[in-house]
Amino acid sequence: MTTQRAVPGAGRRAHHFVDTYADMYDLAEDLPVPDGVPEAAATVLHTARELLRHSYVCYEFSAVAVMHSLIAVEIVLRDRIPDAGKKPLRRLIEQGADAGVLTARQAEYLDYGRKIRNGMAHGQTTHTARPPAQRCLRLWRS
């Protein structure tokens, strides 16, 4: 028996970014998982990419994708910064910028994402109230 898979229908906000689900697939495909990142970070980034693809159907997945990508960034910073230990992400971003692991622009965007993440984690913000974080997507590509 052959099962056909239907292409998911667009959520009401998908048209702000792409015209079709295939376009969203292509958009997400262009987000690299850099060589040399720890396996845990690569796995998290793959999950974030899939969440972004499926945000075509469920817009809120885009915010979850960005939050997931921040987890990957934290994993990489802990891997690349000596004596990272259990320092908070804020401090890792500062150290990453000071050490040249991050550009000033990347550090700025990551700190912005960290604040959003913290607001969501502590119930001050919901993902449905946030517009898509296009700046975070540009950061991921850089």
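Since the structure is predicted, the reported quantities are computational estimates derived from the model, not experimental observations.
- Legend: residues meeting salt bridge (charged side-chain N to carboxylate O under 4.0 Å, His left out) with Asp26, ordered by chain and number and at least two apart, are absent.
- Interatomic distance, CD1 of Ile71 versus OG1 of Thr47, reported as 9.5 Å (0.5 Å rounding).
- The closest side-chain heavy-atom distance from Ser55 to Met24 is below 4.5 Å.
- Gln95 is not listed as a side-chain neighbour of Leu77, based on a closest heavy-atom distance of 4.5 Å or more.
- Residue Pro34 comes nearest to Pro32 through the heavy atom pair CD-O, 3.5 Å, listed as atom of the first residue, atom of the second, then distance.
- Residues Ile75 and Val37 fall into different hydrophobic clusters, defined by Ile, Leu, Val, Met, Phe, Trp and Tyr side chains chained together at heavy-atom separations under 4.5 Å.
- Here the straight-line distance linking atom CD of Glu108 with atom CG of Leu102 works out to 12.5 Å at 0.5 Å rounding.
- Shortest non-hydrogen contact noted between Gly96 and Ile81 is N-CD1, 3.6 Å.
- You'll find the side chain of Leu45 stays beyond 4.5 Å of the side chain of His68, heavy atoms only.
- The salt bridge (charged side-chain N to carboxylate O under 4.0 Å, His left out) check on Lys87 picks up nothing, with sequence neighbours excluded.
- The line from CG of Leu110 to CZ of Arg105 is 12.0 Å long, rounded to the nearest 0.5 Å.
- Arg53 pairs by the salt bridge (charged side-chain N to carboxylate O under 4.0 Å, His left out) definition with Glu29, Glu50, not counting sequence neighbours.
- Taking 4.5 Å as the limit, some side-chain heavy atom of Arg49 sits within range of a side-chain heavy atom of Val33.
- Scored by the side-chain contact (heavy atoms from CB on, under 4.5 Å) test, Asp23 finds Val18, Asp19, Thr20 as partners (sequence neighbours excluded).
- Pairs passing the salt bridge (charged side-chain N to carboxylate O under 4.0 Å, His left out) check and including a residue from residues 94-104, sequence neighbours excluded, read Arg90-Glu94, Arg91-Glu94.
- How far CD of Glu74 is from CD1 of Ile93: 8.5 Å, rounded to the nearest 0.5 Å.
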Determine, step by step, whether Val101 and Gln106 satisfy the side chain to side chain contact (heavy atoms under 4.5 Å, CB included) criterion, reporting the C-alpha distance in whole Å, the side-chain angles of both residues, the deciding distance to 0.1 Å, and the verdict. CA-CA 10 Å; Val101 174; Gln106 288 170 329; over 6 Å; no
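- Screening residues 37-46 for salt bridge (charged side-chain N to carboxylate O under 4.0 Å, His left out), with sequence neighbours left out, gives no hits.
- Put simply, the side chain of Val44 does not reach to within 4.5 Å of the side chain of Ser69, judged on heavy atoms.
- Side chains of Leu70 and Arg114 form no contact here, defined as non-hydrogen atoms less than 4.5 Å apart.
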